[in-house]
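Beneath this line is the structure, given in structure tokens, with notes to follow.
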Amino acid sequence: MEYNFRDIEKKWQQRWVAAQTYKVTEDENRKKFYVLNMFPYPSGAGLHVGHPLGYIASDIYARYKRLQGFNVLNPMGYDAYGLPAEQYAIQTGQHPAITTEQNIARYREQLDKIGFSFDWSREVRTCDPQYYHWTQWAFQRMFGSFYCNTCHKAQTIEKLIEHFEKQGTADLDVAQTEELSFTADEWRAKNDVEKQQVLMNYRLAYLAETMVNWCPALGTVLANDEVVNGVSERGGYPVEQKRMKQWCLRVSAYAQRLLDGLDTIDWTDSLKETQRNWIGRSEGAEIVFKVKDSDKSFTIFTTRADTMFGVTFMVLAPESELVQELTTAEQRAAVDEYLAYVKKRTERDRISDRKVTGVFSGSYAINPFTGEANPIWISEYVLAGYGTGAIMAVPAHDSRDYAFAKHFGLPIVPLVEGCDISEESFDAKEGIVCNSPRTGVTPYIDFSLNGLTIKEAIAATKKYVREHNLGRVKVNYRLRDAIFSRQRYWGEPFPVYYKDGMPQMVPEECLPLELPEVDKFLPTETGEPPLGNAKRWAWDTKTKTVVDNSAIDNVTVFPLELNTMPGFAGSSAYYLRYMDPKNDEALVSSKADNYWQSVDLYVGGSEHATGHLIYSRFWNKFLFDLGVSCKEEPFQKLVNQGMIQGRSNFVYRINTEGAENNAELKEMMAKGPVFVSAGLKDQYDVTPLHVDVNIVSADVLDIEAFKAWRPEYANAQFILEDGRYVCGWAVEKMSKSMFNVVNPDMIVEKFGADTLRLYEMFLGPVEQAKPWDTNGIDGSHRFLKKFWNLAQSIIAQSEQNTPSNPSPAELKALHKLIKKVTEDIEVFSYNTSIPAFMIATNELSQLKCTNRAILEPMVILIAPFAPHIAEELWEQLGHTTSVCDAQWPVFEEKYLVEDTVKMMVAFNGKTRFSIDFPADADNATIEAAARAHELTPKYLEGKSIIKVIIVPKRMINIVMK
RNA sequence: GCCCAGAUGGUGGAAUUGGUAGACACGAGGGACUUAAAAUCCCUUGGCCAGUGAUGGCCGUACGGGUUCGAUUCCCGUUCCGGGCACCA
């Protein structure tokens, strides 16, 4: 029987649907395993071969776990809100919901052809009101919570109000935007709006006027992770800083837990490192400096408390509120001019040119350690958003301070023995401290760091600061709160209306608040977000319904929020929703959550390291605090699949200018453009041009297809080598413009889904970026044919003959395979198990294996990789149930025991030869054999054997003359 | 600048975690079958040298050292490529 993959795959895909083979339900009697892929954004372009890579890898794992008896959850859905659908809508007027729907249908069709074991009954879509109900719900809960630094978890805001009622802000240790201070009486004296304003300072979802990344071209604000090098991640448009009132999530409150959690999960080091960098914890001290001749003081943050004696000036961020306070009358004009200059500079300017700029404020600060008055400067190199927006400058030991001091001629005092600061600052945290205090200077305080290492000096200074009330020990994080508003249409609407300018939550029982219809997807003429175009977007507090805007009276009917939520909102808790996707009572029932717990294996791209993977960890931690999620970390093991790059092909067109003196060439050019084969291109002046990889096979151009590809090439002329036109190639990103996009449908059509699956895994390690090389796909297909043929001959022969026991050689081939494949799947190294299949198949073919006791386990082993062929063979072997429900074969060591061991003999420091030995040989036998070898004059030449090493782990020392 | 991860044939990549480097596949070359093609099968394929030949020798895992009987693997230094962070005090 022929391997007819088209019929086989079609047949089984239909059967799986009919039999609901991949539907899972919670089953307390079985151990669970949760496999998850990062759900895709359904773009208009459809899937290319790079997309399914991670899905195939996780599908293999999911099928493997199922064969091992686990109850496996392997869901799929769509991250359906996004910019492209909205921009398409702006251009064409087509509603994003419609294009999204169409794209999803196309994705589904493509995915279905590849034979995944997804439980589609659990599909989620972020744009589905049933789904975003719970996105809105979580947001409301964040609004109703604050973060307690003492108990390290989120608490309901009512607890905070209680605290204020009792003692104001006394003994309050919570996450906050700014440090407020009031008494219980003062709190009680506030009116409702004032109280709401105060609470905004503490809520986990809060409305705040902040500096945001504003992207004029996209007409919206962006989160920090959506801005790369001063331009928007999508589209690469310029981004500027703008002060705007926006919803924010207090992600920073969870900074320490986000950091600590990394130690409990199984992610790659580089990904953890990326997150650690992004969180950016730094331990230091806040130290208070008094302003000279004034009762004012301000606080700075430093990680180098040991350098207190080297401070020669202070610097404020231009945006700092201290700037106005500390600028003296004489310096006012100069400072104002400088502030105007800073305001003009965009984020990009700051990044691209780092010139030293600044202005003197006119004030001085008293160094609490030296008593010196240090001038206070203002400079853009100090950031308002980090620490306190003010620093103490130690030019000897900080390169930025050094550059500033050199530029403005400020003094530089070295504090480390023997350091050279004539050319640059000494930033390293190593060496012995000196000059602290300086010799010959009367100490201002009774405190010295001289002779200590820097590490000791930092600790000693912190201790002194704490004990003398000069400041406090402080940990700072780079991680900022996430801006949560977007000025867009195609996103989750906020369940929020405004009364007296303060946000109010739409009652929980009224969720979901559905996205309204608009007739235009652009911002309104007055610059409001697109939802400003909605006619029916007001909240009636009486009827608790959305009503027409005309009804707004600000008494019972109020305007609704016009912003929508960002892309990461919908993707932050979708893994919980898969556990219980139809639940209208809760995001997830505690029963389902307790069963599925958290994702055991998460597969997706590393580009989400500082976005989705931070936000969803934060979101889950919040839900954990609420008791909704039973696990603090959502993703136990994370595997980043590498990108599949395109392999582009080039043709080389000969330029007309260089061909003047070549009559033959001129003649050819008269007929049409001339292309030269890659091997001969150096002899001509050529321009390389991308050519569609689909008309190139093994780098050889299909000339007729090329002529038909573009009208201008219809009369193309070719200079061939060995009768063929060979194309050049390069590895580039897979993209339409490079004509190197390979579509999985075409591969499936030509070779079948099983071949595609096998080949994608065979290409290389899942984690690595690798080029797609269509040429190699034959190899995988050939293997499946061989496997099929082997299976057919076994099935045919075993029907004729009475069953016999498998031979030792057959068992060895099989168990070698079981061992290798099982080990490989566990460590996600599929690219090496496929060769193992090929070898085993070849070995068994050579052994003329006829034993179905060998074939059966092999079919199970291959089922995760090539499920269609496995099902077909499983049926041919007489089984009536799906191979998915078979038992993974168990490896038995006894079949693999070698009857010989290898012995290495080393002469005087050099390994010279090896001999094979019976596996159970004792040391005396081996020694005797070694001595026998010694008699071979060739190896001897007067040397003596010093050691005999038996691979793998035994060693015998033999000394002989 | 700081941090992380890498570097193996013409190509993608193996190597039992310290034990005969280059599995497997692609590509290339040669052969068998066939009127022919497709399909299939077999052989060769890291480099250099010696030999008619079976074969043998030397060099080889980015570079330079080290530990070891033995290093692609461990340690130190250098170069290069990729990724993250970046006036973060």
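Every chain is numbered from 1, with letters handed out A, B, ... down the list of sequences. In this text the structure is predicted, and so the values were computed from the model without any measurement.
Between A:Phe865 and A:Tyr830, the ring planes lie perpendicular to each other; the angle is over 60°, past the 30° to 60° tilted range.
Checking B:rA32 for Watson-Crick or G-U wobble geometry (two distances, each under 3.5 Å) identifies B:rU40 as its partner. With a cut-off of 3.5 Å on both pairing distances, B:rU67 has no Watson-Crick or G-U wobble partner at all. Of the nucleotides present, B:rG27 is the one that pairs with B:rU45 by Watson-Crick or G-U wobble criteria, both distances under 3.5 Å. As the counterpart of B:rG1, B:rC85 is assigned, both hydrogen-bonding distances of the Watson-Crick or G-U wobble pattern falling under 3.5 Å. B:rG22 is unpaired under the criterion used here, namely a Watson-Crick or G-U wobble arrangement in which both key atom distances are under 3.5 Å.
Rounded to a whole angstrom, the distance from the C1' atom of B:rU20 to that of B:rG70 is 11 Å. Spacing of P atoms, B:rU55 relative to B:rU16, comes out at 28 Å, to the nearest Å. Taking atom P in both B:rU11 and B:rA28, one finds a spacing of 15 Å when rounded to whole Å. Comparing the P positions of B:rC74 and B:rA5 gives an interatomic distance of 12 Å, to the nearest angstrom. Here the separation of B:rA39 from B:rG47, taken at their C1' atoms, is 36 Å to the nearest Å. Using P as the reference atom, B:rG51 and B:rC42 are 34 Å apart when rounded to the nearest Å. For B:rC81 and B:rA86, the P atoms lie 22 Å apart once the distance is rounded to whole Å. Here, B:rA14 and B:rU68 have their C1' atoms 25 Å apart, quoted to the whole Å.
Rounded to a whole Å, the OH atom of A:Tyr3 is 16 Å from the C1' atom of B:rA39. Separating the CG atom of A:Leu613 from the P atom of B:rC85 is a distance of 13 Å, rounded to the nearest angstrom. Taking atom CD1 on A:Ile777 and atom C1' on B:rC24, their separation rounds to 16 Å, with Å as the unit. Between A:Phe837 atom CZ and B:rA23 atom C1' the separation is 16 Å, expressed in whole Å. Rounded to whole Å, the distance from CD1 on A:Ile378 to P on B:rA89 is 22 Å. Across the protein-nucleic acid pair, A:Leu383 atom CG and B:rC87 atom P stand 7 Å apart, rounded to whole Å. Atoms CG (A:Asp225) and C1' (B:rA86) sit 16 Å apart, rounded to a whole Å. Look at NZ on A:Lys474: it is 14 Å from C1' on B:rA89, rounded to the nearest Å.
When all heavy atoms of A:Ile644 and A:Val49 are compared, the pair lying nearest together is CD1-O, 4.0 Å.
Phosphate proximity of B:rC87 to A:Ser399: absent, as no side-chain N or O sits under 4.0 Å from OP1 or OP2. Regarding contacts with the backbone of B:rA14, a side-chain N or O of A:Asn831 is found under 4.0 angstrom from either OP1 or OP2. In this structure, A:Lys770 does not reach the B:rG13 phosphate: none of its side-chain N or O atoms is under 4.0 Å from OP1 or OP2. Proximity of A:Tyr381 to the phosphate of B:rA89: no side-chain N or O atom is located under 4.0 Å from OP1 or OP2. Distances shorter than 4.0 Å separate none of the side-chain N or O atoms of A:Gln275 from OP1 or OP2 on B:rG84.
An anti orientation is assigned to B:rG83, its glycosidic angle lying beyond 90° of 0. Glycosidic torsion of B:rU17 falls within 90° of 0, placing the base in syn.
When the nearest nucleotides of RNA chain B are assigned to A:Thr302 and A:Pro771 by heavy-atom distance, the more 5′-ward of the two goes with A:Pro771. Comparing A:Leu763 and A:Lys786 along RNA chain B, the residue whose closest nucleotide (by nearest heavy atom) sits nearer the 5' end is A:Leu763.
Distance from the side chain of A:Trp278 is smallest to B:rC85 among B:rA89, B:rC24, B:rC85. Each of B:rA23, B:rC3, B:rA39 was ranked by its minimum atom distance to the side chain of A:Lys785; first place goes to B:rA39. For A:Arg478, taking side-chain heavy atoms from C-beta onward, the closest of the listed nucleotides B:rC3, B:rC24, B:rC85 is B:rC85. The listed nucleotides are B:rC3, B:rA89, B:rA39; the one nearest the side chain of A:Tyr386 is B:rA89.
Side-chain contact check for A:Tyr3 versus A:Asn789: every heavy-atom pair is 4.5 Å or farther apart.
For A:Phe408 and A:Phe313, the distance between ring centers is not under 6.0 angstrom.
Ion pairing of A:Lys816 with A:Glu843 is present here, as a side-chain N (NZ or NE/NH1/NH2) and a carboxylate O approach within less than 4.0 Å.
Using modelled atom types and a 3.5 Å distance limit, the side chains of A:Thr461 and A:Asp306 yield no donor-acceptor pair. With no hydrogens or angles considered, no side-chain donor-acceptor pair links A:Tyr402 and A:Asp427 at under 3.5 Å.
Looking at heavy-atom distances under 4.0 Å, A:Arg480 makes contact with a base. Residue contacts shown for A:Ile834 are absent, as no nucleic acid heavy atom lies under 4.0 Å away. Using a 4.0 Å heavy-atom cutoff across all strands shown, A:Gln768 reaches sugar-phosphate atoms only and no base atom. Residue contacts for A:Val382: at a heavy-atom cut-off of 4.0 Å it reaches a base atom on one of the strands shown. Note on A:Lys272: nothing from the nucleic acid sits closer than 4.0 angstrom, heavy atoms only. When heavy atoms are screened at a 4.0 angstrom cut-off, A:Arg782 is found touching the sugar-phosphate backbone but no base atom. Using a 4.0 Å heavy-atom distance criterion, A:Pro765 is classed as a sugar-phosphate-only contact.
Here the side chain of A:Arg281 pairs no donor or acceptor atom with the backbone of A:Ile279 at under 3.5 angstrom. In this structure a side-chain-to-backbone donor-acceptor pair under 3.5 Å is missing from A:Ser320 to A:Ala384.
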